[in-house]
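All of these numbers come straight from a predicted model, not from anything done at the bench.
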Amino acid sequence: MSAEKLSFEDFQPGRRFALGPKPVTTEEIIEFASEFDPQPMHLDEAAGRASILGGLAASGWHTSSMFMRMMADSYVLHSLCEGAPGVDLMEWRKPVLAGDTLSGHSTVLEARPMRSRPGIGIVKFRHEVENQRGELVCVSENSVMFGMRAGPADIGISPETSA
């Protein structure tokens, strides 16, 4: 990727960004659960097997956090991202088990300039994350704000006064 950051104009509807791969380890599942979601099926292999999850499973919140990291590595950290106003949809479709490898994609659904914030556009995404068997484990939709490419006319500076 070039040194130039992705701006709002680079997020056209239909564009897809690859996510992952992200291997999931026993250690990280237990570490995350110990701090943030200490339920037995996230802390102990036997408890996980005895649950409806079928094994030591990442918390849904851990799944969301791993997805966020994949998104950050794919395009957010290489862009003029200004944050997100929230999440419209977050579904955990299948358990993420120790030993799984996650991958997926983010697809731009729509993009529009923000009326309330000149120079910023808002981009709506649909994200899908799968395990190594191609099973959908997480689906999310949300909007993200990105800075626009700014030229002198775009930010109210005339060429004569910008020197």
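- Applying the ring pair (Phe, Tyr, Trp, His ring centres under 6.0 Å) test to every pair with at least one member in residues 43-63, sequence neighbours left out, gives these pairs: Phe32-His62, Trp61-Trp92.
- The heavy-atom pair separating Val123 from Ala111 by the smallest distance is CG2-CB, 4.1 Å.
- Here CG of Leu136 is found 9.0 Å from CG of Asn131. Values are rounded to the nearest 0.5 Å.
- The closest donor-acceptor contact from the side chain of Ser140 to the backbone of His127 lies at 3.5 Å or more, if one exists at all.
- Under the 4.5 Å side-chain criterion, counting only non-hydrogen atoms from C-beta, Leu19 is in contact with Phe67.
- Between Leu109 and Pro13, every side-chain heavy-atom pair lies at or beyond the 4.5 Å cut-off.
- Heavy-atom neighbours of Leu89 CG from other residues, nucleotides or ligands within 6.0 Å: above the threshold of 12.
- Closest of all the heavy-atom pairs between Ile29 and Ala57 is CG2-O, 3.5 Å.
- A ring-centre distance under 6.0 Å is not found for Phe17 and His105.
- Note that OG1 of Thr63 and CE of Met68 are 15.0 Å apart. Values are rounded to the nearest 0.5 Å.
- Separating the NZ atom in Lys5 from the OG atom in Ser7 is a distance of 12.0 Å, to the nearest 0.5 Å.
- The number of heavy atoms from other shown groups lying within 6.0 Å of CD (Gln39) is above 12.
- Here the side chains of Met41 and Leu56 are not in contact, with every heavy-atom distance at 4.5 Å or above.
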**OP:** Give the intermediate values and the outcome of salt bridge (Lys or Arg N to Asp or Glu O under 4.0 Å) for residues Glu128 and Arg126.
**Re:** CA-CA 7 Å; Glu128 296 183 352; Arg126 178 173 176 89; 3.0 Å; yes
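- Atoms NE2 and CZ, from His42 and Phe36 in turn, are 13.5 Å apart once rounded to the nearest 0.5 Å.
- Between Val108 and Gln12 there is no side-chain heavy-atom pair separated by less than 4.5 Å.
- Between Leu102 and Val24 there is a side-chain heavy-atom pair separated by less than 4.5 Å.
- Look at Glu130 and Lys94 and you find no salt bridge, because none of the NZ, NE, NH1 or NH2 atoms lies under 4.0 Å from a carboxylate O.
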Subject >> Derivation and outcome, side chain to side chain contact (heavy atoms under 4.5 Å, CB included), residues Asp10 and Arg15 >> reply: CA-CA 9 Å; Asp10 296 309; Arg15 183 165 183 189; 3.8 Å; yes
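- At a threshold of 4.0 Å, the pair Glu28-Lys22 counts as salt-bridged, since one of the basic side-chain nitrogens sits closer than that to a carboxylate oxygen.
- The hydrophobic cluster containing Val76 also contains Met90, counting ILVMFWY residues as joined when their side-chain heavy atoms lie under 4.5 angstrom apart, directly or transitively.
- Hydrophobic clustering of Ile, Leu, Val, Met, Phe, Trp and Tyr side chains at less than 4.5 Å, counting indirect connections, keeps Phe11 apart from Leu80.
- The shortest heavy-atom contact between Met145 and Ala84 is CE-N, 4.1 Å.
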Original post:
Run the side chain to side chain contact (heavy atoms under 4.5 Å, CB included) check on Met66 and Val96 step by step: do they pass?
Top reply: CA-CA 11 Å; Met66 290 185 285; Val96 172; 4.2 Å; yes
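- For the residue pair His78 and Asp73, no side-chain donor N or O sits within less than 3.5 Å of a side-chain acceptor on the partner.
- Taking each heavy atom of Leu97 and Leu53 in turn, the nearest pair found is CD2-O, 3.7 Å.
- Note that the CG atom of Asp100 and the OG1 atom of Thr25 stand 11.5 Å from one another [nearest 0.5 Å].
- Minimum heavy-atom separation, Val129 to Met70: CG1-CE, 3.8 Å.
- Here the OG-CD distance, from Ser59 to Glu35, works out to 12.0 Å after rounding to the nearest 0.5 Å.
- Between Gly147 and Glu82, the closest heavy-atom pair is N-CG, 4.1 Å.
- Formation of a donor-acceptor pair under 3.5 Å by the Gln132 side chain with backbone atoms of Thr101 is found in this model.
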Original post:
Can Glu4 and Arg149 be said to form a salt bridge (Lys or Arg N to Asp or Glu O under 4.0 Å), step by step?
Top reply: CA-CA 10 Å; Glu4 186 174 324; Arg149 289 189 192 99; 3.5 Å; yes
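- A distance-only check finds no donor-acceptor pair linking the side chain of Ser74 to the backbone of Met71 [under 3.5 Å].
- Under the side chain to side chain contact (heavy atoms under 4.5 Å, CB included) rule, Val144 has a single partner from Ser79, Cys81, Pro85, Ser106, which is Cys81.
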Subject >> Criterion side chain to side chain contact (heavy atoms under 4.5 Å, CB included) on Met148 and Ile120, from CA distance to verdict >> reply: CA-CA 6 Å; Met148 295 179 177; Ile120 303 287; 5.9 Å; no
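- Between Arg93 and Cys138 the shortest side-chain heavy-atom distance does not fall below 4.5 Å.
- Residues Asp88 and Ser143 form a side-chain contact, since some pair of their non-hydrogen atoms from C-beta on lies under 4.5 Å apart.
- Residues Tyr75 and Phe125 place their aromatic rings such that the two centres sit under 6.0 Å apart.
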